[in-house]
Student: 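Below you will find the structure I want to go over with you.
All values derive from a computational prediction rather than experimental measurement. Every chain is numbered from 1 and lettered A, B, ... according to where its sequence line falls, protein lines coming before strand lines.
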Amino acid sequence: MSISLPTYSRLEIPLLGRRERVWAIIATGLRREFRRPAAIVVIAIGVAFTTITSIVLVLFASFLLPGQPLNLSFFALPASNGFVLFFVSLMAAIIGSGLIADDLHSMAFTLYLSRPITHLDYLLAKAVILAPLVSMITVLPLVITALVAAFLFPLVFSWGVALQAIGLSVAVGLLLALFNTSVALFLSSLTRRKGLAAAGMFGGNFGLFIPASILASAIGNPNLLYLSPWNDYLAVASAAFGAPGIGIDWPGALAILLGVTVLAALVTYLRMKSVEVITG
Amino acid sequence: MDWTGSFRKAWVVTALTLRYLLTTRRAIATVLLALVPLILTLSLAAARVATFDVMLFQQLMIPLFLQVVLIFVTLVNATALIREEIDDNTLPFLLTRPISKPALVAYKYIGYLVAVLVVLIPPIVVAYGVTEAYGGLAFTTDLDVLGGFLATTILGSATYGALFLFISVLVRRPLAVGLLIGFVWESVVDSIPGDVPKVSVIHYLKTILKDVIAIAINPLGQYRTDVSAGVAAGVLVTVSIALVILAAFVFQQMEFRQKAG
Amino acid sequence: MNGVVEAAAVSKWYGEVLGLNAFTASFGKGITGLVGPNGAGKSTLFKLLIGQLHSDQGKITLLGEDPWNNVPLKRRLGYCPEQNQLYGWLTGQQFVETLLRLDGMPAASARTEATAALKVVGLSSAAHRPTRGYSRGMRQRAKLAQALAHHPEILILDEPLSGADPAGRVHILRTISDFAKDGGHVLMSTHVLYEIERVTNNIVLIHNGKAIAAGNIHAIRALIDTHPHAVRIETSKPRQLAQALARMEHVVSFEFPVADTLLVRTRKPDAFYKELPQIVSDTKLDVRGLESPDDSLDAVFRYLVG
Amino acid sequence: MLVETAGLTKVFGEVRAVDDLTVKIPDGAIGLVGPNGAGKTTFLRLLLSLVRPTAGTAKVLGRDIEDGVPVRERIGYMPEHDCLIPDMTGVGLVSYMARISGLDRDTAMSRSHDVLQFVGVDEERYRKVAEYSTGMKQKIKLAQAMVHDPQLYVFDEPTTGLDPRGREEMLDLVGTIAKSPGRNVILSSHLLPDVETICKYVVILDGGHQIAAGELSQLLTGATDRLRIDVRGDRDAFVRLLKDAGFDADAGPSGLHVSRKPGLEAAVFETAKSLGAEVRYMGKEIRSLEELFLELVARTEKRGA
């Protein structure tokens with residue numbers, strides 16, 4: 001017995017606005033990511049690893065770095081934890097690379113576009129799916145470390161310093177998260193094969209970081225560090241926490257980070273507008 | 001086995017692979033990355049950096065060229081040979097031609113090797129030339145360095161290519177596995193004590209560089225290895241051939257069913 | 001062993017999913033239409049015939065040879081896959097030419113043969129455009145061109161008509177029947193049943209991995225005795241005509257669905273049609289129209305596969 | 001008026017996919033047919049404002065396509081190619097698409113189950129779409145186009161690739177939608193018998209132009225005064241005898257064609273008896289949409305080529 005359409009009443013309720021439609025994409029997208037085993041594993045290990053190493057830095061800091069003043073600048077250490085770079089790349093590669101590439105591969109992009117939303121809505125939703133996941137690596141560990149430090153060493157780190165550290169960690173962490181989200185979505189929009197986008201993420205992050213750091217130290221000309229986004233982030237983070245810089249001034253580094261973030265987002269938007277799913 | 005027929009088929013498959021790897025959008029990414037060493041050396045020369053010499057050239061090129069560029073280029077190209085044709089459903093056109101599957105693997109591998117070397121060798125040679133010229137030296141002063149890098153590029157491309165080709169025939173998502181091996185295992189393995197590094201390609205590449213390049217200007221002077229360059233090269237060649245044969249054998253048994261429906 | 005295709009109790013499983021289940025048939029002369037619902041095993045059978053799969057059980061041969069990893073056999077067959085993906089970065093001409101040279105043909109003759117094949121399928125105008133921009137219909141023609149360019153003995157075509165527009169279908173069907181006229185064999189699967197009846201009456205009906213029926217459509221139709229053959233006749237005197245026709249003992253029933261129409265069911269359609277002119281002209285009954293609504297592949301398909 | 005266009009043009013590089021198209025399409029079930037590359041898909045994407053026109057304007061359901069989002073709120077689109085998200089379940093995908101069309105979470109879920117029930121997807125709706133058969137995927141594509149209850153349904157090749165049973169089911173569903181009040185359907189298909197069963201009005205495109213449009217019944221009023229006969233036996237002798245008997249008869253690919261004259265039918269059976277031939281079909285020469293289409297396309301090819 002199948003209900004034939006005529007007896008199945010027309011829908012008279014008004015449709016919700018574009019904000020709710022975008023939110024639907026975000027909510028469903030996040031739920032789908034958390035059901036993917038690979039994503040859960042990467043997030044869990046990433047957060048755990050980064051947090052533990054940061055806390056170890058805090059505990060043994062006084063032995064490891066004699067003379068390191070135990071004030072706000074101390075929190076620059078967890079922010080520059082090498083594992084953050086590794087896991088951010090891994091996260092963007094495993095989760096970010098498929099966000100748009102999969103829609104192009106399965107041609108579901110046509111379905112999204114046939115709904116009453118714009119290209120901008122689609123991209124915004126995808127960014128808001130990836131950004132919180134990436135910031136679980138760039139923000140969460142720093143915040144936890146600050147809390148642990150204030151809790152374990154109330155004498156050394158007053159709550160005032162800890163709160164200030166948390167605020168700065170969130171700001172700096174978000175900056176790195178936005179940068180990686182924008183670049184990951186840009187790479188994801190370029191190809192149908194998400195494997196290539198993932199390889200590009202790894203190639204880009206490490207391909208720039210390794211030579212920049214070796215070169216700068218080898219020839220004593222720090223300006224090359226600007227080329228590596230990770231070093232730009234370190235410059236901004238250390239300046240934010242008042243720690244000694246790494247040889248390049250933070251306004252320039254910040255400008256590069258924000259510039260690349262905005263540029264990548266713009267190019268992704270133009271690329272998505274021009275995607276003609278020609279089926280003939 | 002008529003030789004003209006199989007030679008013609010070899011040429012056609014190789015040319016088809018070359019054309020695919022070098023003229024489609026994928027080539028833009030690989031060529032750009034392969035140019036990074038050259039751009040680096042040019043900017044160093046332009047910046048009039050005092051300490052820029054063949055020693056620094058090697059300090060830079062070993063981690064960057066051998067461990068990032070080489071791996072990225074070989075990975076992206078090797079996985080395109082068979083796995084991508086399977087995913088794109090274009091393999092039936094080749095499989096219904098009078099050419100055996102092992103031959104197809106072999107000819108595609110040759111096409112891959114040529115394409116990868118065409119992309120990788122010119123930039124590294126010019127980079128070396130720029131370094132020597134900047135130091136006011138003749139091109140031939142440190143031929144051992146150039147020779148070392150050419151040997152490792154060729155042997156590295158061959159071995160990594162065979163490895164990623166074999167993985168791409170075995171696994172449905174070879175890029176993910178290749179990334180883990182290429183970027184994670186190969187860079188971590190050197191810091192592991194004992195004989196573990198012997199199970200990595202980079203160990204033999206570094207061994208070759210260590211023996212070939214004069215001790216005075218060799219950043220790998222103290223590299224811990226107990227094999228000679230000759231043996232290392234031998235190992236890499238045999239491993240490459242073995243992996244290609246293995247890939248061909250697995251491919252021979254593979255069945256290609258169309259999605260249900 | 002005379003059939004182009006000989007299958008003896010062939011089974012093929014993908015894990016638990018059914019591919020073929022004790023498939024036994026002998027067919028393939030001239031043009032053979034392979035019809036059956038989705039998932040019945042058509043593509044599996046084709047993949048076995050071109051050697052991209054090997055059977056789990058039973059034996060299958062094409063042109064007398066075992067296709068699995070059989071290199072020389074590939075020279076004698078042309079295959080047209082169901083998917084529409086081509087080497088997007090090659091033009092139509094380069095696509096066919098490259099595959100021809102893989103058949104061992106020198107470059108010069110490969111070029112002329114490729115151009116000729118593209119002309120046969122009516123793709124000359126777009127021959128020098130990259131196949132990336134081809135529509136579905138043009139892709140079908142390009143696939144057909146690479147299948148017949150090297151003049152094989154048999155064409156194996158998986159849904160060669162899907163996505164082609166009516167003019168395209170007519171052209172593809174004409175190309176196929178010309179190929180058969182020159183002595184080639186054609187094995188084609190299709191869902192567009194009324195199309196295949198234009199080129200052949202020889203079909204293999206496959207369902208749940210088994211060959212239910214193989215041979216001439218009308219012969220098969222006549223064999224379906226659970227549904228005796230229906231013939232609708234337009235006449236001003238349906239009842240008198242019914243009386244006249246009742247003499248034939250193979251006539252089973254009469255119906256008068258609507259005014260001036262007689263629906264006759266008979267077990268032996270050939271005998272019925274042979275005797276009908278005699279009866280009509282003797283009784284001088286005016287018969288204005290005559291058609292057999294279910295003497296078609298569609299009916300055969302519906303009755304047998306349901 | 002369902003769709004009105006004025007000088008609508010869309011150019012890709014040097015290919016003029018839609019070329020200065022001015023059409024007025026009435027409400028109801030509309031057939032859109034044309035050879036490959038005639039500009040059908042581009043025309044549909046222009047109506048959905050998925051692509052911006054190079055020139056000209058168009059109105060869908062009274063709204064200008066420049067408005068973009070409001071136009072798409074009223075349209076349900078069933079694309080021709082595979083477009084489903086493989087790792088989602090059937091009901092998950094349909095309710096997801098419903099929410100993107102502006103339904104709240106609960107209404108979306110309830111409408112999804114209604115619609116899946118209607119298209120005949122039962123407990124498979126809980127399995128992942130990647131495991132679906134072609135027929136099942138087409139039903140999900142239809143379901144996602146229906147779930148937000150649009151006024152205009154755009155079906156691009158809904159029956160291509162389906163086996164006969166799947167095709168029959170899909171035609172029933174599309175037919176039911178087309179017949180329901182307040183719903184308009186634009187059906188673009190190469191299977192013209194399908195268009196004949198569903199649509200009343202047809203627009204025929206070729207090379208980006210409209211080469212014919214009108215009520216199906218008018219377009220197909222072929223020559224009723226000719227009879228088509230399918231003869232088994234000596235066809236040439238049959239034609240000769242009919243000609244001797246004063247009937248103008250000729251043999252075509254689909255049988256003999258004889259212009260109707262009194263006493264023709266009796267003569268046919270007389271001839272059949274005398275030759276021992278069989279008459280398998282005798283009826284009026286019905287012109288199918290396909291024959292009309294092939295004629296029109298051939299005529300433009302001669303002019304255009």
Side-chain angles (χ1 to χ4, degrees), chain A residues 1-29 31-33 35-39 98-99 102-122 125 272-280, chain D residues 12 36-37 41-42 45 48 50-51 68-88 92-93 95-105 107-108 111 114-115 117-120 129 141 144-149 154 156 173 176-177 179-183:
Chain A
M1 190 282 290
S2 88
I3 304 172
S4 68
L5 198 62
T7 60
Y8 143 72
S9 65
R10 271 185 66 98
L11 192 66
E12 293 319 330
I13 59 167
L15 300 177
L16 300 177
R18 269 169 54 197
R19 219 164 18 80
E20 287 81 7
R21 298 172 198 165
V22 171
W23 170 247
I25 300 177
I26 296 168
T28 314
R31 203 175 316 113
R32 273 174 60 206
E33 288 309 331
R35 257 198 239 110
R36 275 177 57 202
L99 276 177
D102 282 347
D103 285 348
L104 293 176
H105 185 64
S106 67
M107 297 229 251
F109 183 61
T110 317
L111 275 193
Y112 279 103
L113 275 188
S114 72
R115 313 316 287 193
I117 55 170
T118 63
H119 286 83
L120 197 61
D121 297 336
Y122 173 82
M272 296 318 284
K273 285 287 268 186
S274 71
V275 165
E276 286 292 349
V277 184
I278 36 164
T279 53
Chain D
F12 295 110
N36 289 115
T41 305
T42 310
R45 301 165 76 82
L48 280 156
L50 290 178
V51 286
V69 167
V71 175
R72 287 200 295 279
E73 274 169 2
R74 285 182 178 63
I75 298 180
Y77 178 54
M78 180 176 170
E80 170 222 353
H81 49 77
D82 255 350
C83 60
L84 302 177
I85 302 172
D87 62 305
M88 284 183 99
L93 181 64
S95 57
Y96 179 41
M97 286 301 153
R99 289 185 68 191
I100 302 179
S101 284
L103 275 72
D104 64 77
R105 202 158 58 87
T107 316
R111 296 300 292 190
D114 283 350
V115 168
Q117 165 76 25
F118 172 73
V119 295
V129 164
K141 281 202 286 189
Q144 65 83 27
M146 295 177 58
V147 71
H148 56 300
D149 224 3
V154 175
D156 198 349
L173 295 174
T176 311
I177 294 173
K179 281 194 282 296
S180 41
R183 304 279 165 73

Student: What residues, two or more places apart in sequence or in another chain, satisfy salt bridge (charged side-chain N to carboxylate O under 4.0 Å, His left out) together with D:D87?
Tutor: A:R32

Student: Between atom CZ of D:R45 and atom OG1 of A:T110, what is the distance when rounded to the nearest 0.5 Å?
Tutor: 6.0 Å

Student: Just how far is it from atom CD1 of D:I85 to atom OH of A:Y112, taken to the nearest 0.5 Å?
Tutor: 4.0 Å

Student: Is any residue of residues 68-76 of chain D within less than 4.5 Å of chain A by heavy atoms, and which ones?
Tutor: D:V69, D:R72, D:E73

Student: Tell me, side chain or backbone of A:R31 under 4.5 Å from chain D's heavy atoms, or both, or neither?
Tutor: side chain

Student: Once you round to the nearest 0.5 Å, how far does CE of D:M88 lie from OG of A:S106?
Tutor: 11.0 Å

Student: What's the spacing between D:C83 SG and A:D103 CG if we round to 0.5 Å?
Tutor: 11.0 Å

Student: Between D:K179, D:M78, D:Q144, which residue shows the highest count of heavy-atom pairs closer than 4.5 Å to chain A?
Tutor: D:Q144

Student: In Å, rounded to the nearest 0.5 Å, how long is the span from CG of A:L15 to CZ of D:R99?
Tutor: 14.0 Å

Student: Any chance NE2 of A:H119 has more than 12 other-residue heavy atoms, nucleotides or ligands included, within less than 6.0 Å?
Tutor: yes

Student: In terms of heavy-atom proximity below 4.5 Å to chain D, should A:R35 be classed as side chain, backbone, both, or neither?
Tutor: neither

Student: More than 12 non-hydrogen atoms from neighbouring residues, nucleotides or ligands closer than 6.0 Å to CZ on A:R36, yes or no?
Tutor: yes

Student: What distance do A:L111 atom CG and D:Y77 atom OH have between them, rounded to the nearest 0.5 Å?
Tutor: 9.5 Å

